[in-house]
Chemist: 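Structure in structure tokens, see below.
Remember, predicted model here, so these are calculated numbers, not experimental data. Lettering follows sequence order; numbering is per chain, from 1.
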Amino acid sequence: MIVAGIDMGALTTKAVVLKDGEVIGQSIITASEEGEVQARRTLEEAIKQSGITPNDIQYIVVTGEGRKSVSFANKEKTTPTAISKGANKLFPSARMVIDVGGESSTVIRMTEKGGVEDSMSNDKCASGTGVFLETMAKLMQISLEEFARLSLQAQKKAEISNTCAIFAESEVVSHVHRDPPTPKNDVIAGIHASIASRIGGFVRRLGIKEDVVLSGGVAKNAGFARVMEEELGVRILIPQEPQLVAALGAARIAQEEMARKKTS
Amino acid sequence: MRAALDTKPLEKTARAMERIIAHRKADPTRLKSEIMYFELSLEHLRAMMTAREEGKTLAGITVLGPCEICYAMDIIPYYIDVFSGYTSQFLGLSEDYFAASKSLGLSSEICSVHRLMAAYFMLGHAPLTDVIILTSGVCDHTAMSGDISTYFHGCPSFFVDRPYHSDEHSARYLKGELERLIHGLEDLTGRKMDYDRLREVMAFRQREIELYREINELRKAVPCPTLNGTSLNMAALGYYLSGTQKMVDYLEAIRDEARENVQKGKGAYAEENYRLMWLMVPPAYSGAVEWMGKKRGAVEVINPYFDDWGDKLEIDPRKPLDSLVTITMNRNVLRPMEGPLADTTVVDVVRDAKDYQIDGAIYFAHCGCRIADGCIRILKDTLMKETGIPMTIVDFDVFDTTYVTGKEIINKLECFFELLDDRK
């Protein structure tokens, strides 16, 4: 059985192709085109890797904020549902997922089967999202990779506002121009801590439930992951490809739909 | 300072209502009560527009204003929140209204219902109003929007101070407030209160309470026999028609439709996939109310904030003012403001969740209503703990679409329905 999942994120589109439950193709493309075109291109990329033809795909599920723009999918699912399913496949012991994407962050408490028990999202405020980190990295003239690495070398965390990205920017400027300037590593760790504190509030409102998985593009940032662990006081599991969790979950839902069709 | 009166928006609002009625009448799937809702609204709007030339006194009232007193004194009451909402929504004037209220210093943090209300008077779109009756208790913002309304309309106002508690002392105080209002209205109109008439009005009120109870009982049926939004529609009309034959007729129409459906084992929607408790007011935009029922089979079976009148409440129309005090102090929407929640709304929510066999609850968290929103966490946690039923919270503004778009609301609801699917 060959199925696919597509995640129409705010900044990137992701696709995963599954054959009998195993990943045989995957792709991540930065969003630059109209939704439908972007989705097709991303799926084609994943298909190329898997050595199959588009006609071999029996069922497609699309998720993500831009899911409504994809007409060729068989079904659509909301992001929390897809993330839960994806995280559950990767880490069956997971009961909570923190997904930090480009323009939103979502915290999901989940059941042992990968169903959503409760969720909270922030898509109204830049602080607590990947875009905030990108802005801060640009402000400090450091690449995102370097940004993550330097954070791990911090001695302490500089005090940065955890409520507003705009004010945080001024605070970073102030740290950089202080005499003596606050060490870059500490400023970056402080920026990570400000996001972690905001997301930590969501996590506590839902109630921490281990194991906790960190997904989304920001999960690639080891510095942030460490600060998030410190904030919550729990060990955090990070998938190898954290950006693909929702697409993987969508593919898994596609697989379940096919199985349901066969039995009905 | 009286703003220059502009009668065109009211006329256009009336025409918009006529079109809605015609549209509903042309649709064979529409229920009699759905048509009746706008027929009664239109009839009332016409009465508001012609009150002055017919020598009638017109009173603008805010939420839980005692419209019964107005009817007993031959005064036409109109619920400002609803009618300013109709004009702004039907004529696409929301942005203009919000801009106008902003110019008065009402920021977007102020409840949008009250911002629309203030602009309604500031722009001269309100009908010629002789008196404004403001009340406390539910909406803190009334103090601000009410004063602005009075200022721009240049008419007198009365403030009925409703105490926060429901004890005997508070009841005496509230009765005194109602008597003070009556004396003020007597001075204003030059007419004495007709207490026999008030007894008749309260007899209608008693009948309304009985009908509410019948309807609520019928809504326990699976599938639910009533449409989404029923709770709010009954409340909204009741805010200015309570104590009249018209309100009784409307409730009887809903009761009869519900009873017929129950007898046939039929639901109000083709499918009933999720039985839902709604809390507070759903958005006036986004089409979510209909979308839930028609597209997702997600049916509102109870709204504990608006489905008033538990069995314990009894009134005696022979003692009309005492009855009015009892009614005013026992509105469910006030219970979260009184507290402690564990003795009031929490009890209602948990009991209703069981009685109405709900699958989930949706709290429509209107961002302007901070008093009510303060209860969300305890309601959500208790519902889960006591019944295992999940509640989702839809953050939005009831009129201001710049806070959350309709698309975002639908997305949030879809997410919740998927959660409910997973639990099946």
Side-chain angles (χ1 to χ4, degrees), chain A residues 8-10 35 61-69 73 75-88 95 97 99 101 103-104 106-125 201-202 204-207 209 246 249-250 252-254 256-257 260, chain B residues 108-109 273-274 286-288 291-292 295-296 298 359-363 365-367 373-397 400-424:
Chain A
M8 302 294 292
V61 170
V62 64
T63 187
E65 285 307 301
R67 66 184 183 279
K68 302 273 181 201
S69 61
K75 199 177 187 98
E76 59 171 77
K77 283 282 176 182
T78 61
T79 313
T81 302
I83 291 172
S84 295
K85 284 283 178 193
N88 177 260
R95 296 293 177 270
V97 189
D99 185 87
E103 293 184 357
S104 66
T106 305
V107 179
I108 305 154
R109 209 177 59 207
M110 53 198 267
T111 64
E112 58 185 26
K113 288 181 181 166
V116 177
E117 213 169 62
D118 204 353
S119 71
M120 283 187 76
S121 293
N122 159 41
D123 51 12
K124 286 278 158 212
C125 175
F202 287 177
R204 287 187 192 91
R205 275 168 75 181
L206 291 187
K209 209 173 161 191
R252 198 179 160 201
I253 294 165
E256 288 172 358
E257 288 293 329
R260 197 171 299 146
Chain B
S108 55
E109 283 77 32
N273 298 323
Y274 320 102
S286 83
W291 172 82
M292 277 195 269
K295 302 284 182 192
R296 299 303 307 260
D359 300 304
I362 302 174
Y363 198 108
H366 169 48
C367 65
D373 290 354
C375 311
I376 293 173
R377 181 66 194 260
I378 191 167
L379 292 178
K380 180 176 169 156
D381 288 353
T382 313
L383 190 64
M384 177 52 78
K385 195 176 151 204
E386 302 276 325
T387 67
I389 293 168
M391 176 190 284
T392 193
I393 300 147
V394 178
D395 289 307
F396 76 115
D397 185 291
D400 189 348
T401 56
T402 60
Y403 187 75
V404 169
T405 64
K407 191 180 147 196
E408 287 170 310
I409 291 171
I410 299 281
N411 189 46
K412 178 86 186 178
L413 292 170
E414 276 184 338
C415 196
F416 186 56
F417 297 148
E418 286 175 6
L419 180 155
L420 295 179
D421 287 339
D422 273 343
R423 291 165 60 91
K424 282 183 179 171

Chemist: Which atoms of A:Lys113 come close to chain B, meaning under 4.5 Å heavy atom to heavy atom: side chain ones, backbone ones, both, or neither?
Modeler: neither

Chemist: Side chain of A:Arg205, backbone of B:Arg377: donor and acceptor closer than 3.5 Å?
Modeler: no

Chemist: Show the numbers, then the answer: is there a side chain to side chain contact (heavy atoms under 4.5 Å, CB included) between A:Arg67 and B:Asn411?
Modeler: CA-CA 11 Å; A:Arg67 66 184 183 279; B:Asn411 189 46; 2.4 Å; yes

Chemist: Could you measure the distance from the CD atom of B:Glu418 to the CD atom of A:Glu76? Nearest 0.5 Å is fine.
Modeler: 8.5 Å

Chemist: Does any non-hydrogen side-chain atom of A:Met110 lie less than 4.5 Å from one of B:Asp422?
Modeler: no

Chemist: Of all residues at least two apart in sequence or in a different chain, which pass the ring-ring contact (aromatic ring centres under 6.0 Å, His included) check with B:Phe416?
Modeler: none

Chemist: Give the table of side-chain donor-acceptor pairs shorter than 3.5 Å for residues 384-395 of chain B, with sequence neighbours excluded, one pair per line with atom names and distance.
Modeler:
unit_1, atom_1, unit_2, atom_2, d
B:Thr387, OG1, B:Leu383, O, 2.5
B:Thr387, OG1, B:Ile389, N, 3.2

Chemist: Do you know which two heavy atoms are closest between B:Leu419 and A:Glu117, and how far apart they sit?
Modeler: CD1-O, 3.4 Å

